[in-house]
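Atoms considered below: every heavy atom in the structure, side chains included; atoms not considered: hydrogens, waters and symmetry mates.
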Amino acid sequence: MADYDVHEIEAKWQRVWDDAGAALVGEPDPTKPKSYVVAMWPYPSGTLHMGHVLVYTVGDVLTRFRKRQGMEVLHPIGFDSFGLPAENAAIREGGHPRDIVERNIETITQSMRRMGWAFDWSRLISAHQPTYYVWDQWLFLQLYEAGLIYRKGSPVKWCPQDQVVLANEQVHDGRCEYCGAEVEAKNLEQWFVRQTAYAQELLDGLDELDWAEKIKTMQRNWIGRSEGAEIQFRIDELEDDVAVFTTRPDTLYGATFFVVAPEHPLVETLSERSPNGEEIRAYVRRAAAKRGEERMAAEEKTGVFTGFFATNPVTEARIPIWVADYVLMDYGTGAIMAVPAHDDRDREFAETFDLPIVPVIDEDGKLIDSAQFTGLPFEDAKKAIVAWLAERGRAKETISYRLRDWGFSRQRYWGSPIPIVYCDTCGTVPVPYEDLPVLLPLDLEDFRPRGVAPLAAHESFMNVDCPQCGARAKREPETMDTFIDSSWYFLRYTDPKNADMPWRQELADYWNPVDQYIGGIDHTTMHMIYARVVIKALADLGHIGFREPFRAFFTNGWVNLGGTKMSKSKGNVIGPEQLLDEYGADVSRLNILHLGPATEDMEWTDEGVEGMLRFTRRLWRIVNEVAASSSRDTPPVNELSRKAHQTIAKVTDDLGRRQSFHTAISAVIELLNELSRAGASDPAARFAAETAVSLIQPYAPHIAEELWVALGHEKLWEAPWPVADEPQLTRDTFELVVQVNGKVRDRFEVDAGLSEEELVARATASEKVQTHLDGATVRRTIVVPRKLVNFVVG
RNA sequence: GCCGGGGUGGCGAAACUGGUCAGACGCGCCCGACUUAAAAUCGGGUGACCCUCGGGUCAUGCGGGUUCGAGUCCCGCUCCCGGCACCA
């Protein structure tokens, strides 16, 4: 028997597969069912870690399994090479982001190839290449023309001393982290995707998707639908109406005051006319400088009375208008009717400022002190009160979503430039399609983030002629969020080299939706929402013929070390390189999937890897023994052949329906154990060995291929997936369990063909059973065919 | 607070539709074989307690229930993990 030289064998088969183009997919073969398997593309910010090993091994196992089941499988890879992780790596390590990213891509690609992951390398894409991001810009223009991208002022934290935008983390106690100056709020014009337009469809679409309930729940929470009503309150002094959003119109009679957010447009008018206008303005400034978390963490509610009153539309009572930062401008209407008796936050505020608290619902959930609505159950009252107000034009039923529009412009360098030119005469002008791409200049000296877009300092980039009037104009210096890149990359994989258009629709429509998407749970509420939004928008624009990107989503757990997720920023990374050097790809792949359920978080340990090493060595030894000595005759039906067929059924089900990757490995180990006990002389030994090798191939493709040849075959990667022989799954005898009062008292083999009466007779005949039946009356006998007989006595 | 997922040996876990003494498979540990020795490999053992060595009793977070039979279904509790959250 030849030695098991891992490195030589693995390198050999990787060469063979490369030469054979085993992972490449050309024009689709319409006679085969298709399967599109995509594992989330990585940030090339460093090297691979065990989390990557998990994600891509899951994808590879499914790919190899589905191919052998006769499907046409597309399994591509690319790099999410724009954005902060790459840029920060460049800043940390020195050098240009592009150089760092391209070096990392080179390194990671080498590791990926060593792992034996069967990607279609001919379709490799990277977000930072102009051939990719030109289509980000195309996408931008498409959505911009459709009104799905817009620009609006959005409040940011601004340091007046340093003249920069501050991230929330850079604000401490309302002061700039660097210079200590008091932080101000400033409206910064930013670009948004109008994703709220799809809020309801995003919610409804979840029902159709094969995603874990946990993931759907996270998206539902994030979208945050609330049914309620918009109610108009009159402000007599201003001769104006102000709308509030409430989910509890039934409590309207208990509304004792009125609160607007500090950012509410009404506040400016109020502070101009109010005697304590200065106090209001000071409060608004302080609130604006506070971070969201600071607002929340505040021990006591704060606010200022404006001196104005709003009229409750049902009671005609005049209730005081306050400005308070516990009301948020970007939810509902930015104004609320406060019902301190039935809302914890309103009560807290009322207690702090000594405002009246009027209960309007009793313990039975019925309305009290609510005029003609008194006595109604509160659910009915919601409808009744809104209906009454609607007749008078003072309210309407509405739905609010927590989901916000997606602000995607970044004051950073390493991203796709936004294809917009600002002209003094023409205003905001989109760059014409024929002028794309707007190339990101690579000769920028200083690209570190300072709160202003670094590109603004690049003269030759910034100064352009207006595409409309030809006058001197300025480019948009901000770049796109990297989530734009990742919102459509799975479309580009289907037509990666197309220079004329982002994809041919027939190709994108053929492969999509992605049949199996694989990735971490951390992308659930950002990337997985953005991609769904972009796909819906592209469908509305007629560029694709489907509305959901990911039909099924396999959520892999995190690989932890010392209790926290492995990541470069935490410095607790263990990469596959040392495992590859020591054990090779097959063992590394088996190990990561045998650690536990791939959907659960797992603690990295390198102890278990020894178990998989032993397994591959035993497989090598036993299969070689069988290959050398066992008969090639058609195997008989015996215990071992039955075990082999059961294992085929189990592994097929685990890889197909259940996606339970660790139990499939266990099943093959069981088969090997049984083969080992039976020995090479068993007449079914060769069949059992072939089955074990064939079933483990998706996990350990290199050793499987080598052993397949030893067994006298070739090209296992193309061999049809084995099919279990149904008759051998059911045995002609079974172990009958005999219970007395539900406790097992005996068990023995019986013929499977026995009738219920015969089973009872055999059970009764058992001596062990008799000792427990002794003297008692059998009141009932339960027979479960092919399983057990249970005597109920007493 | 609202929503979701969980709690099984020393450890990772399995038990898929209520039915084979619950714990497959792997790790770890113990014993044995081989060896001058070790590694590797091979064989055996490994939930707890009791024990006359045949077995007995208890055991899937806690307490109840349904059932001939419950890790699995129902009710209540408890603890852990995750999501959302001054969202009106």
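- Mapping Leu788(A) and Thr246(A) onto RNA chain B by nearest heavy atom places Leu788(A) closer to the 5' end of the strand.
- C49(B) and G56(B) make up a base pair, with Watson-Crick or G-U wobble contacts both under 3.5 Å.
- Base engagement by Asp653(A) is indicated by at least one non-hydrogen atom pair under 4.0 Å involving a base atom.
- Between Trp322(A) and Phe349(A), the distance separating the two ring centers is shorter than 6.0 angstrom.
- Comparing A14(B), C3(B), U41(B) by their nearest atom to the side chain of Arg614(A) picks out U41(B).
- Checking the phosphate oxygens (OP1, OP2) of U41(B), a side-chain nitrogen or oxygen of Arg617(A) falls inside 4.0 Å.
- Using a 4.0 Å heavy-atom distance criterion, Ile336(A) is classed as a base contact.
- For G12(B), the OP1/OP2 oxygens have no side-chain nitrogen or oxygen of His662(A) closer than 4.0 Å.
- Among the heavy atoms of the strands lying under 4.0 Å from Arg618(A) are primed sugar atoms or P, OP1, OP2 only; no base atom is included.
- Trp558(A) has its side chain out of reach of Leu54(A): every pair of non-hydrogen atoms, C-beta onward, lies at least 4.5 Å apart.
- Heavy-atom nearest nucleotides on RNA chain B were determined for Ser666(A) and for Asp346(A), and the one closer to the 5' end corresponds to Ser666(A).
- As judged by a 4.0 angstrom heavy-atom cut-off over every strand, Ser676(A) is placed among residues touching the sugar-phosphate backbone only.
- Shown here, C73(B) forms a base pair with G65(B); the pair counts as Watson-Crick or G-U wobble because both key distances fall under 3.5 Å.
- To the nearest whole angstrom, the two P atoms, one in G63(B) and one in A70(B), are 16 Å apart.
- At the phosphate of C3(B), neither OP1 nor OP2 sits under 4.0 Å from any side-chain N or O atom of Arg225(A).
- In terms of the ring pair (Phe, Tyr, Trp, His ring centres under 6.0 Å) criterion, Phe378(A) has no residue partners (sequence neighbours excluded).
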